[in-house]
Amino acid sequence: MNAKSNQNDRLWMYATMVKSRHFEACIKPAYFEGKTPVFNMAKGPLPGEMHLSDGQEPCAVGVCAHLRADDTVTATHRPHHVAIAKGVDLDAMTAEIFGKATGLSGGRGGHMHLFDAKVNFACSGIIAQGLGPAVGAALAAKMRGEDSVAIAYLGDGAANQGAFHEALNLAAVWNAPVVFVIEDNAYGISVAKKDCTAVARNADRAAAYAMPGHFVAGNDPDAVHAVAGEAIARARRGEGPSLIEIETCRLEGHFMGDAEGYRPPGEVDRLKALDPIPRYRERLLAEGFDAADLDAAEAESQRQVDAAFTAARAAALPDPSEVYDHVFA
Amino acid sequence: MNAKSNQNDRLWMYATMVKSRHFEACIKPAYFEGKTPVFNMAKGPLPGEMHLSDGQEPCAVGVCAHLRADDTVTATHRPHHVAIAKGVDLDAMTAEIFGKATGLSGGRGGHMHLFDAKVNFACSGIIAQGLGPAVGAALAAKMRGEDSVAIAYLGDGAANQGAFHEALNLAAVWNAPVVFVIEDNAYGISVAKKDCTAVARNADRAAAYAMPGHFVAGNDPDAVHAVAGEAIARARRGEGPSLIEIETCRLEGHFMGDAEGYRPPGEVDRLKALDPIPRYRERLLAEGFDAADLDAAEAESQRQVDAAFTAARAAALPDPSEVYDHVFA
Amino acid sequence: MSSPEAPTRKLTIARAMSEAIGQEMAADSAVMVMGEDIAKLGGVFGTTTGLLEKFGPERVRDTPISETGFIGAAVGLAGAGFRPVVELMFVDFFGVCMDAIYNLAAKQSYFSGGQVTCPMVLMTSVGGGYGDAGQHSQCLYATFGHLPGMKVVMPSNAHDAKGLMLAAIRDPNPVIFMFHKALQGMGWLGTVKRSITHVPDGDYTVPLDRAQIAREGRDLTIVSLGLGVHHALDAAETLAKSGIEAEVIDLVSIAPLDRATVRQSVGRTGRLLVVDDDYLSYGVGAEVIASVCEDGAISLKATPRRIAHPDVPIPFSPAMEHHVLPSAGKVLEAAQAMLEPAL
Amino acid sequence: MSSPEAPTRKLTIARAMSEAIGQEMAADSAVMVMGEDIAKLGGVFGTTTGLLEKFGPERVRDTPISETGFIGAAVGLAGAGFRPVVELMFVDFFGVCMDAIYNLAAKQSYFSGGQVTCPMVLMTSVGGGYGDAGQHSQCLYATFGHLPGMKVVMPSNAHDAKGLMLAAIRDPNPVIFMFHKALQGMGWLGTVKRSITHVPDGDYTVPLDRAQIAREGRDLTIVSLGLGVHHALDAAETLAKSGIEAEVIDLVSIAPLDRATVRQSVGRTGRLLVVDDDYLSYGVGAEVIASVCEDGAISLKATPRRIAHPDVPIPFSPAMEHHVLPSAGKVLEAAQAMLEPAL
Ligand SMILES: Cc1ncc(C[n+]2csc(CCOP(=O)(O)OP(=O)(O)O)c2C)c(N)n1
Ligand SMILES: Cc1ncc(C[n+]2csc(CCOP(=O)(O)OP(=O)(O)O)c2C)c(N)n1
Ligand SMILES: [Mg+2]
Ligand SMILES: [Mg+2]
């Protein structure tokens, strides 16, 4: 994707947002299998918590459009859109979420612990845990004299964790080529950002680390693309870290099964009316993209996802005795 | 001290700085007892680490001049000057440092764990550990409708701990009457602040919490007094937390026995030439204070410290079997 | 407290916990609640349902995701006379805030020579079995039990949950109140039915430091806690069909450990099996076995055994997770093996 | 490595550690060092003396006081092919950064199904006895040993320190390298002389997973680690004067625990005494005793015993601290009590 023209990036961003959204759409019924009529998280082919990324796709594609396989991304407990945009093996990722032997880690990790070493992607279930590792990966590139970068994703809620402060300071002190990307969806589970964050804009916190801070309004892939492009280029040039805060939204509950009683009435409808994917399609069409091209990209995205789900469902569960493998390398 | 006139505060600040400095001066030979000719930290009447506060007295007196017994102070691993300025029982504090039965906690805590509930003073050996408790103490006052405040002291090095970030955000979100006071002595042990801190002025980090941030230059008790007075009054009025960064200096090693090889040549001499205590005495004399009054205050300060050391030395060691007491309340 | 009590009013542990906290908040204005999602949401695990509505946002505070910050603040509040009940959503998150727990809260009384106490309850969910993977399924009983200055308890049923919570809030010390997700009674998690018990609606406490005999028996002592108690009881019921009477001890308290009750039982039965779902090494099983074996007065009829989660991160795939978790079947099998020579 | 080796060149553990790190940095450009005061100062406990001068500030990095940040960064570096050696100045500080250690570093291999390793050494000082009070004197062996995915070792002498450090750096897994302050050989701390040993200046490794027989004996097995090994050896020397031969096992590795060596020894001697200076409950003593007692093939001639720091925060006053710490005298007394019936 490195040398892509902007229009190519835009088509890729559209196709990738669609792919991510379709991925989540396929997760939904699979997750509820075995969980109806009584919802019990332990049941069905996809047990445990499930954090969907519907609505947050612009954060993934606008940033990852600029990345290469040798760039590192650490994502969060809500990782699917970013994993897909980073180019994580879709089949192995899907199989991992189904806990299958063919999964990225043979079913050991699950949806919050997706690792794909080929594209240097990782995520985790502890808030702000990925920030330090991103600084380390960035420092590794710098020490080797390579121009690869690292991106650490985090939520608005994570910006109040001590790990955020430590990682940003460390990145600045070491002038590490890392970009911190806050997906501001206005909530950490049920707690509104405004009720737990001392500043209105987390981008302003960049000043505490003498690094550039950017706020991107409107959940707009093009706007994210522009700002991230500059921050990433800056990092590649050896000019150090940046912080980007992206205004986005979570169209689903915090996790599947969330009753969302903490939302003001009508909020989800308002957000859905602003769904970034149809908006982006409209913009691309208005700006002269060919509907047939978009449709083809869309169909190809969906085909890949459907194939991944089919393969994942067909794959074997791991042999239980393999549970002891890989505790140590 | 609350309703004292400023001139009274100034005399008190001078006397208290002298008391603190004399306290450390008495610690020094006692600490080296049993540790010569071979320095072994385990030996003598004062085993373990010993962090002296010489040079940092303005930070203690300029802030604590505004405090009442019902205000809370959490201090650091370098606590003597602050404890003395807060009015911690000097005899019991000295006895604690000697590990005696008459110590504040009967010898269980030692020099990094001085607690005096009567004046709401505590300190600890973990960097930035006292910040959260100060927010809690402040919130307690606020919830009770009282106008007492809490002060959390920390070093420049501590401003890079995650706990700093969390406590300041929490204080701001809860509008707690707490003032964070950074004693910037330019070092965390051997590491210069400029080599590990992304910003030149930690006071600027207040912006990340939408709270006022003040920098006080010159290690000047009067300047600290003025800035702290406003921040504390603001907190008492219910207008929320502040951050104060005080430029100060450490005239001794990080702990006793520190070879200080990390200091640029001549640094300590330069710092000693700027010793805040004689400078302050000169200023007071120049501004019309009576030398006899200063001498009397000085003598009284020293007398109290000498008496505390005499009593501490004479006191009994704790009965070893009491080691099991107070694990639980 | 004023409603007439139905003699068989059954509650889940979640309801019992929130009821206890609510009753104590009504009785004592110093009691307050803090944590992530405990106000509007009522706690991810239902521990604070209804409290915001009843007591308002001053005393029921949602926090930022700042565990070090708000647990530290709770210690400050506790030192200033409040009685904060704080939630650490999953025990797995202890790594971001353990200093505030073990070095601050747990040592405040000691370092201050008893001048400053720390009456604080830290409630936290433990346990897996529902596919939540390796950072959301741990137990860490021994991690907390190993470090001095805090009491550590976990109920196996709703009756004890309420009584322990009331005792914990009133205790002048930091109490880690663990609750097991498989027993919590959240619809969305599935719940062992036996944990949903009659809960008196009045005031009562369950001692924080005493193990309970959950089932009497003469042939074998099975020591466990939380979910493991139910595995043990299930196994005991099966054993009883073949005339073997297992005594089941519910430790209730991890720290202090009620060694006397365990020793007394094993002294009678001569056989000891320990079951827990925490990691095996340096775990509850080791401590219980050592506590019995170092008692020279006890003579064993069989080699003591322990069942625990092996020293492996908790795998996501149910195929693997259930392979490593303790179960009634595994308890039964171990018990039978221990009894074989005697049969 | 090029200097001619004096056959009896004796080093402290501190010197052995810094020599090992320096030699491996020279041999492998992926090795680097990070931590507080490890560059200019050479480490508060001398673990990195001279490395800044030799390898420069890119590979020898002083960090901010941000343990979560720099340990997290080390995991990122390790995943990217570096081999960071990181210092956590005192193990007592684990509470501010345990998540990066136990949930991140220790689980990376597992969560990634072996795709991403974490070749990182975390060295950290343990132990008290010199009046540094309750937040600077802890051991926490069992705290680390309990949690899967990391190796945990501690040398009792300089020879092992070097060999273990070389093995640890080369290991593809996170290794917690504990060093005991009473053995470190810093002038200002006092040092047990026996820990200062001949250290070959060449390259050698000591296995990370194997206990060592520090002294052979037939009458009693004393199992310990770090400083406790020296207490045990001192006691054994005294016992030998009355014809009693104690075998002393130096565990070396806390995780994995070399149960085979311990069982083999106790199987021969029939008596087990465990000594460590960590907190007693859920500690090393419990795990070792349980590991022996659950082995049905071993028959004991005496009730097993353990000596540890009681479940009390470590007091400052030497009058109290020495009362609670293990000592050679206490080991001797316990050993004699265990042998009495046999005498
Ligand atoms: C250290 C830690 N604390 C708490 C949690 C529980 N938790 C999981 S997701 C979440 C909310 C995160 O909010 P945010 O960072 O805004 O991300 P979002 O879910 O909105 O994408 C919380 C509190 C956790 N996983 N880790
Ligand atoms: C969490 C933690 N990390 C490291 C230390 C070790 N340590 C003690 S004092 C100190 C330096 C503190 O620097 P600063 O905050 O500037 O205070 P100063 O000593 O200069 O007064 C360090 C790193 C500690 N006590 N706690
Ligand atoms: Mg969010
Ligand atoms: Mg400093």
Side-chain angles (χ1 to χ4, degrees), chain C residues 68 92-104 106-107 110-111 133-135 138 140-149 254-257 274 278-297 300 302-306 309-313 315-316, chain D residues 68 92-104 106-107 110-111 133-135 138 140-149 254-257 274 278-297 300 302-306 309-313 315-316:
Chain C
T68 293
D92 311 68
F93 308 161
F94 92 101
V96 304
C97 57
M98 192 57 165
D99 186 67
I101 301 170
Y102 103 107
N103 252 343
L104 177 66
K107 292 176 179 144
Y110 199 73
F111 284 157
Q135 290 178 339
Q138 299 170 94
L140 309 183
Y141 310 136
T143 301
F144 283 81
H146 183 53
L147 300 167
I254 296 164
L257 182 64
V274 193
D278 190 10
Y279 302 117
L280 183 128
S281 291
Y282 306 94
V284 172
E287 181 57 46
V288 171
I289 290 176
S291 295
V292 165
C293 293
E294 71 190 354
D295 181 343
L300 292 175
T303 306
R305 287 205 184 201
R306 50 179 162 164
H309 194 284
D311 298 337
V312 168
F316 160 66
Chain D
T68 293
D92 311 67
F93 307 161
F94 92 101
V96 304
C97 57
M98 192 57 166
D99 186 68
I101 301 169
Y102 103 107
N103 252 343
L104 177 66
K107 293 176 179 145
Y110 199 73
F111 284 156
Q135 290 179 339
Q138 299 170 95
L140 309 183
Y141 309 136
T143 301
F144 283 81
H146 183 53
L147 300 167
I254 296 164
L257 181 64
V274 193
D278 190 10
Y279 302 116
L280 182 129
S281 290
Y282 306 94
V284 172
E287 181 56 47
V288 171
I289 290 175
S291 296
V292 165
C293 293
E294 71 189 354
D295 181 343
L300 293 175
T303 306
R305 288 204 182 202
R306 50 179 162 163
H309 194 285
D311 297 338
V312 168
F316 161 66

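To find a chain, count down the sequence lines: A is the first, B the second, and so on, and within it residues start at 1. None of these values were measured; they are calculated from a predicted model.
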Residue selection (most heavy-atom pairs with chain D, distance under 4.5 Å) from C:Gly134, C:Ala286, C:Pro148, C:Gly285: C:Pro148

SB check C:Glu294 D:Arg305 (cutoff 4.0 Å): no

Leading residue by heavy atom contact count with chain C [cutoff under 4.5 Å; candidates D:Pro310, D:Ala100, D:Cys293]: D:Cys293

Residue selection (most heavy-atom pairs with chain D, distance under 4.5 Å) from C:Pro256, C:Gly296, C:Ala142, C:Ala106: C:Ala142

Best-contacting candidate, D:Val96, D:Ile289, D:Asn103, against chain C by heavy atom pairs under 4.5 angstrom: D:Asn103

Interface moiety of C:Val284 toward chain D, non-hydrogen atoms closer than 4.5 Å: both

Side chain / backbone / both / neither for C:Pro315 at chain D, heavy atoms under 4.5 Å: both

C:Ser281 versus chain D, the contacting section by heavy-atom distance below 4.5 Å: both

Side-chain donor or acceptor of D:Tyr282 paired with backbone N/O of C:Ile254 under 3.5 Å: yes

Partner chain C: residue of D:Ala133, D:Cys97, D:Ala290 with the largest heavy-atom pair count (under 4.5 Å): D:Ala290

Atom group of C:Tyr279 that falls short of 4.5 Å from chain D, counting heavy atoms: both

Side-chain donor-acceptor pair present, C:His146, D:Asp278, cut-off under 3.5 Å: yes

4.5 Å side-chain heavy-atom contact, D:Phe144 and C:Thr143: no

Chain D contact via C:Asp92 - which portion, at a heavy-atom distance below 4.5 Å: both

Interchain contact, C:Phe316 with chain D, by part (heavy-atom threshold 4.5 Å): neither

Residue pair C:Tyr102 / D:Gln138, side-chain donor-acceptor N/O under 3.5 Å: yes

Option in C:Pro313, C:Pro304, C:Ser291 with maximal non-hydrogen atom pairs under 4.5 Å from chain D: C:Pro313

Interface residue of largest heavy-atom contact number with chain C, from D:Gly283, D:Ala255, D:Gly149, under 4.5 Å: D:Gly283

Residue pair C:Leu147 / D:Asp311, side-chain heavy-atom distance below 4.5 Å: no

Side chain, backbone, both or neither of C:Leu280 within contact of chain D (heavy atoms, under 4.5 Å): both

Test item: C:Asp99 side-chain N/O and D:Phe94 main-chain N/O as donor-acceptor pair under 3.5 Å: no

